[in-house]
Amino acid sequence: MAVMMTRRAATVAGIWLNEAVSFLVFCLLDILDSLLCLVYKVADYVFEAEWKPCYCLSAKEPITATRGKILLSHDNGVSTILTLSPLQELSGRSKIELEDISETLYTRPSLLSDLSVTELNKRFVKVSRSDSECSHHHHEKTLTKNKRKKKITKSSLTVNFTVVEMLREKIRPQNFRHDVSRWSDCDCGFCTSWASTSDKDHSLFVKTQIPKGVTAKEDVLFIHGFISSSAFWTETVFPSLSACSSAYRLFAVDLLGFGKSPKPADSLYTLREHVEMIEKSVLHKHNVKSFHIVAHSLGCILALDLAARHGGLIKSLTLLAPPYYPVPVGEKKPRQYVMKKVAPRKVWPPIALGASMAAWYEHISRTICLLICKHHRLWQFLAKLLTRNNRTVNFLIEGFMCHTHNAAWHTLHNIICGTGSKLDMYLDVVRDKLKCSVTIFHGENDELIPIECSYNVKQRIPRARVKVIEKKDHITMVVGRQDEFARELQEIWKTSSF
């Protein structure tokens, strides 16, 4: 009994210590990010001869009519569609839905202000009955003021100025400009190979494996996760499937902004852009009629969007560690809710610290990319020396480091955070309108995405089968057990053929 009480006390003390240290650390990071903002403003002007917009210093402003070549359409103050002119060649579209742009890009309250408004009220402040009545009266006055404000601004459309500036960049005649690298990005041949290619369409980099001596009977699309690349599949599962004489045509893509795929500096990396580039580079280019999907982490969101778009063509869905955080009914800021789940602003475990720095701090995350991604060749060289040219370590580092900050920052916010409650809709489509099998794998020791996320998907799609891989994490659920995973995939594909 005494031992249990001691352990419980130690656990509580550890939690409070983590909370206290996290509070101090992230308050300092708030200050540091503000200072780095000014540093990068000056550095961008020195190296690129122009001021570059960032999200933290950009105020919102009302826009009621056409602004330059940007037409903002609105209905009762609710933004709906932004039309670009001239016609966009990227993915063959001319519209960008403003809903695709997550407000977490430019609305990320500091820890102190966020804590003072929400957490303190919920956890630490005990309100007496009289205070409650006073608070209720104040709340009614606030609601009245808000209603008045809504009436005043009902005919206007509020859009973040940075979004407007970046969308202005997108309407240039050539979407993929060759001056793709910013001074803080890597400009090596690997990272900029797409800009020197003769492919005028600038499709995604796609690694294709066609069975030898056997006619391919089915197609499989592999989608990697956040800050990764197609090598996650081609260096693991592809060789295993080839060794067992698989009769499947396999496609593994480098997502837009990652690996060897295009990394346009003027892209907002929305869900629509990512998915349409996959359609253009794989489905249309290779004449894919029906196919299986295997997706990891962030790729699961893209897979569900593809499934919602091409329902009847999907033979099976295999999702690995899907980042699905159900948004509570009535939650007014679903994207903010998801961001706080993905990046909880805690120093422990270390993976939470890394995710929080990447999601909450635009300029700190840019500094990390400057130190790691821009100098990835040095880090790869050191890794080869230390690991004696270990093949697995090499491709993992390559996938982790070969991207731009612009791509990672916008992808994180516009897809992982930006989908918010959209995933509910995609999952409902899969549940109600698709007949394909749904299999979910999750590592037991995954500290990045909790196992609850996979069970949340199953709760939404009852026919989904969840398999927890014991003693494996976010990466080792595939890497290190690729032969076993390849056999599991083939079994799924065989039972899902139609």
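Along the sequence shown, the residues carry numbers beginning at 1.
With contacts defined as side-chain heavy-atom distances shorter than 4.5 Å, the pair C373/W379 does not qualify. With contacts defined as side-chain heavy-atom distances shorter than 4.5 Å, the pair W194/H202 qualifies. With contacts defined as side-chain heavy-atom distances shorter than 4.5 Å, the pair F222/L489 qualifies. Side-chain contact check for I293 versus V220: every heavy-atom pair is 4.5 Å or farther apart.
A salt bridge links R460 and D428; the closest N-O separation between the charged side-chain nitrogens and carboxylate oxygens is under 4.0 Å. With salt bridges taken as basic N to acidic carboxylate O contacts below 4.0 Å, one links R335 and E103. A salt bridge is absent between R272 and D305: the closest approach of a Lys/Arg side-chain nitrogen to an acidic carboxylate oxygen does not fall below 4.0 angstrom. Salt bridge status for R481 with E488: present, with a side-chain N to carboxylate O gap under 4.0 Å.
Note that the SG atom of C188 and the NE2 atom of H375 stand 11.5 Å from one another [nearest 0.5 Å]. Taken to the nearest 0.5 Å, the CG atom of L268 stands 5.0 Å off from the CD1 atom of I101. Rounded to the nearest 0.5 Å, atoms CG (L317) and SG (C300) are 9.0 Å apart. Once rounded to the nearest 0.5 Å, the distance linking CE of M339 with CD1 of I416 reads 12.0 Å. A distance of 13.0 Å separates NZ in K422 from CG in L304, rounded to the nearest 0.5 Å. The distance from the CG atom of N406 to the NE2 atom of H403 is 11.0 Å, given to the nearest 0.5 Å.
Looking only at distances, a side-chain donor or acceptor of W360 sits under 3.5 Å from a matching main-chain atom of A343. Under the 3.5 Å distance criterion, the side-chain polar atoms of E273 are matched with a main-chain donor or acceptor of Y269. Side-chain N or O atoms of H405 include one that pairs as donor or acceptor with a backbone N or O of E362 at under 3.5 Å. The backbone N or O of H363 lies less than 3.5 Å from a partner atom in the side chain of D33, making a donor-acceptor pair. Put simply, the side chain of H413 never gets that close to the backbone of A408: no donor and acceptor are under 3.5 Å apart. Looking only at distances, no side-chain donor or acceptor of T104 sits under 3.5 Å from a matching main-chain atom of C417. A donor-acceptor pair under 3.5 Å links the side-chain atoms of E331 to the main chain of K333, judged by distance alone. Between the Q482 side chain and the G480 main chain, a donor and an acceptor come within less than 3.5 Å of each other. A distance-only check finds a donor-acceptor pair linking the side chain of H442 to the backbone of I449 [under 3.5 Å]. In terms of modelled atom types and a separation under 3.5 Å, the side chain of K458 and the main chain of A464 share a donor-acceptor contact.
Each of N456, T419, D424 was checked for a side-chain hydrogen bond (donor to acceptor under 3.5 Å, both in side chains) with Y324, and the lone residue meeting it is D424.
For the residue pair L204 and P262, the shortest heavy atom distance occurs at CA-CD, 4.1 Å. In terms of heavy-atom proximity, P344 sits nearest to S356 at N-OG, 3.6 Å. When all heavy atoms of S193 and F190 are compared, the closest pair comes out as OG-O, 3.2 Å. Minimum interatomic distance between V430 and A307 (heavy atoms only, all atoms of both residues): CG2-CB, 4.1 Å.
Side-chain N/O atoms of D185 and T404 include no donor and acceptor closer than 3.5 Å. Of the N and O atoms on the side chains of T318 and H292, not one donor lies less than 3.5 Å from an acceptor on the other residue. When only modelled atom types and interatomic distance are considered, S230 and D254 share a side-chain donor-acceptor pair under 3.5 Å.
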>> With side-chain hydrogen bond (donor to acceptor under 3.5 Å, both in side chains) as the criterion, how do N414 and T270 come out once you've worked through the C-alpha distance, each side chain's angles and the decisive distance to 0.1 Å?
In response: CA-CA 5 Å; N414 285 335; T270 63; over 6 Å; no
>> Is there a salt bridge (Lys or Arg N to Asp or Glu O under 4.0 Å) between E444 and K472? Walk through the geometry before answering.
In response: CA-CA 6 Å; E444 180 184 31; K472 300 298 179 182; over 6 Å; no
> Going through the distances and angles, do W233 and H224 end up as a ring-ring contact (aromatic ring centres under 6.0 Å, His included)?
Replying inline: CA-CA 8 Å; W233 306 113; H224 65 76; 8.7 Å; no
>> Walk me through whether S228 and H296 qualify under side-chain contact (heavy atoms from CB on, under 4.5 Å).
In response: CA-CA 10 Å; S228 184; H296 178 236; 5.8 Å; no
> Step by step, would you call H410 with Y55 a ring-ring contact (aromatic ring centres under 6.0 Å, His included)?
Replying inline: CA-CA 11 Å; H410 286 91; Y55 289 103; 5.6 Å; yes
>> Using the rule given for ring-ring contact (aromatic ring centres under 6.0 Å, His included), can you reason through F395 versus F232, listing the C-alpha separation, both sets of side-chain angles and the distance that settles it, and then say yes or no?
In response: CA-CA 7 Å; F395 82 75; F232 184 79; 7.3 Å; no
>> Checking S261 against L256 for the side-chain contact (heavy atoms from CB on, under 4.5 Å) test, could you report, in this order, the C-alpha distance in whole Å, the side-chain angles of both residues, the deciding distance, and whether it holds?
In response: CA-CA 6 Å; S261 282; L256 185 67; 5.6 Å; no
>> If you apply the rule side-chain contact (heavy atoms from CB on, under 4.5 Å), what do you find for N394 with K384, and how did you get there?
In response: CA-CA 7 Å; N394 288 339; K384 287 180 180 180; 3.4 Å; yes
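The cationic atom of R366 (NZ for Lys, CZ for Arg) does not lie both less than 6.0 Å from the six-membered ring centre of W409 and within 45° of the ring axis.
Using the six-membered ring where Trp is involved, Y40 and W183 have ring planes that are tilted, between 30° and 60° apart. Below 30°, between 30° and 60°, or above 60°: for W51 and Y45 the angle between ring planes is below 30°, a parallel geometry.
Taking K332 as the reference, nothing meets the side chain to side chain contact (heavy atoms under 4.5 Å, CB included) condition, with sequence neighbours excluded.
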